[in-house]
Amino acid sequence: MTALDEPTSDERLPWHLRGNYAPVFEEVDATDLAVEGHIPPELCGRYFRNGANPASGRSAHWFGGDGMLHGVRLRDGRAEWYRNRWVRTKALAGAKRINLETGQFDLTVGLANTHVYRHAGRIFALEEGSYPNEVSPELDTIGVHDFDGRLRTPFTAHPHTCADTGEMHFFAYELVRAPFVTYHVADRTGRLVHSQPIDVGGPTMVHDFAISRNYAIFLDLPVVFDLEMALTGTMPFRWQPSYGARIGILHRSRAREGAQPTWFEIPLCYVFHIMNAWDDGAPDGDARFVWLDAGRHASMWDGGPDKFVPSMLHRWRFDLQTGAVHEEQLDDVSHAFPRIDDRRTGLPNRYGWGVAPRTGTRDEMDAPTVLAKWDLETGQRTVHDFGPTCTTGEPVFVPASASSSEDEGYLVTFVHDAAEDASSFVVLDASDMGNPPLAVVPLPKRVPHGFHGSWFADEQGE
Ligand SMILES: [Fe+2]
């Protein structure tokens, strides 16, 4: 570890640059890593996770650092390698996102720091203000991907791939002029086949959206762009209750004919992350009801862009016949990073996983955390506790096989132990959170707290 990689407890720094939020500065390659326990041999592939890791050592906001990917390669029961790489974005090379003379955004310039996602054989490092940056399975940056020139908007950090069709559904939000939201679909071969403006109320910040079998579901919520804040260089968004809060539900087939969403007013809130959505229609049919499970924040950034309010798991049910909305809180413990078995995307899911506070609600951003599993059929929450000094990242579910049942598989993530200031890659049994980890792979370097990751199972020939 270099001196620069030491975590810092300097109280003069903002929380997102201290402790295990502090960036690391060395790009590491480690091979044939020691394994405590046994990596299930069917886990052949790569776990990649993205996060903000400012190359300068400083950023104005947690979300404002350069993207760094951390990856672990598993094959035949072995941990073949760990490595970490900055995404070689134009921003990392010094390019500016906004041309101050023209006011134009350059969509080829972004931080690529939020998620890493594979579609049609390409791996994208994503951040919602720009085009994707494609990276190789070895974590080398290939470059900006604009879908053969067809994509004319940014690309969300949270695309969703339909379990039925293999299409990747995604969206963009933009700040300066309408359309403020655009809905896109890429087919299973990666070709952009649909792009459509969505009529929202203004320059709302939209971090995620959902699909069900028949519908695309849009959030139009009261965190909106603020030009004055933009000029100060911080996150240019503020909580604006007068904007209102509503959910838009758009039939996926009728969208291709130009239809707009039907909007449902909901009580004021903000949602960063969706767990899942589903409907009761037959394939390519109409539904009576659409359900949406997501993390509901009572507000967001009310009083400043550092004012995070805990997220509570909520379920909304939208009646497409009567327009009625039913809203229900599913748990009284907060959570972050909700995930499901991705094979259930858009279909009813029984289980969800996420990060929860070890005790109480998570008021402190660096408080110890546990991995939680929700059985949404019984209402039961079970947890895996790594210990009183540990924090865990987003759990990514990996099915044991293509035909395995919904929770028959593994959770993979990074865990940091503040007592040792050390990070591990961990494999858990997703079906029983009480079991000890199946495998723990101590890593040569601390992995800072980050955002989202994915498991990329080996494709033929890898
Ligand atoms: Fe996110």
Side-chain angles (χ1 to χ4, degrees), residues 16 21 47-53 59 61-70 87 110-119 123-133 154-161 168-173 181 184 204-211 217-221 223 235-237 269-277 292-297 300-301 305-314 334-340 342 345 352-356 362 365 369 371-372 391-397 412-414 447-455:
H16 70 271
Y21 287 94
Y47 170 64
F48 287 178
R49 199 220 64 192
N50 210 338
N53 194 87
S59 58
H61 191 276
W62 184 26
F63 297 172
D66 303 287
M68 178 179 273
L69 293 164
H70 298 260
V87 186
L111 296 168
N113 67 8
T114 312
H115 200 352
V116 54
Y117 198 87
R118 184 169 71 182
H119 182 69
I123 300 171
F124 299 127
L126 299 172
E127 172 254 58
E128 63 205 34
S130 63
Y131 293 145
N133 272 264
F155 187 110
T156 176
H158 285 290
H160 294 282
T161 299
M168 177 172 64
H169 293 247
F170 61 103
F171 70 96
Y173 73 91
V181 171
H184 299 282
T204 174
M205 193 192 92
V206 193
H207 185 65
D208 199 352
F209 92 136
I211 53 170
I217 298 147
F218 297 90
L219 309 171
D220 188 14
L221 302 175
V223 171
M235 284 294 285
F237 301 99
C269 68
Y270 190 72
V271 170
F272 267 112
H273 293 125
I274 304 287
M275 180 176 271
N276 196 23
L292 174 68
D293 285 355
R296 180 187 187 276
H297 303 261
M300 185 49 58
W301 297 340
D306 242 4
K307 306 285 186 190
F308 288 88
V309 170
S311 161
M312 313 303 285
L313 188 59
H314 274 242
S334 67
H335 74 282
F337 299 125
R339 294 292 298 253
I340 60 167
D342 290 332
T345 298
W353 294 268
V355 177
R362 194 181 184 209
M365 294 301 279
T369 52
L371 283 188
T391 46
T392 168
E394 173 194 60
V396 171
F397 176 81
V412 293
T413 192
F414 293 126
V447 176
H449 297 315
F451 302 123
H452 303 287
S454 293
W455 171 257

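Ligands are counted one by one from 1 in listed order, and the atoms in each one are counted from 1 as well. Just so you know, residue 1 is the first one in the sequence shown, and it goes up from there.
For Y21 and H449, the ring centers are positioned less than 6.0 Å apart. Here F218 and F209 bring their ring centres to under 6.0 angstrom of each other.
Counted by atom type alone, H207 and H158 present one or more donor-acceptor pairs between their side chains at under 3.5 Å.
Here H207 meets the criterion, with an N, O or S atom under 2.8 Å of the Fe ion (ligand 1).
When each of R339, R49, H273 is checked for a side chain to side chain donor-acceptor pair (under 3.5 Å) with H452, only H273 meets the rule.
Looking at H273 and the Fe ion (ligand 1) together, the shortest N, O or S contact belongs to NE2. Nearest N, O or S atom of H158 to the Fe ion (ligand 1): atom NE2.
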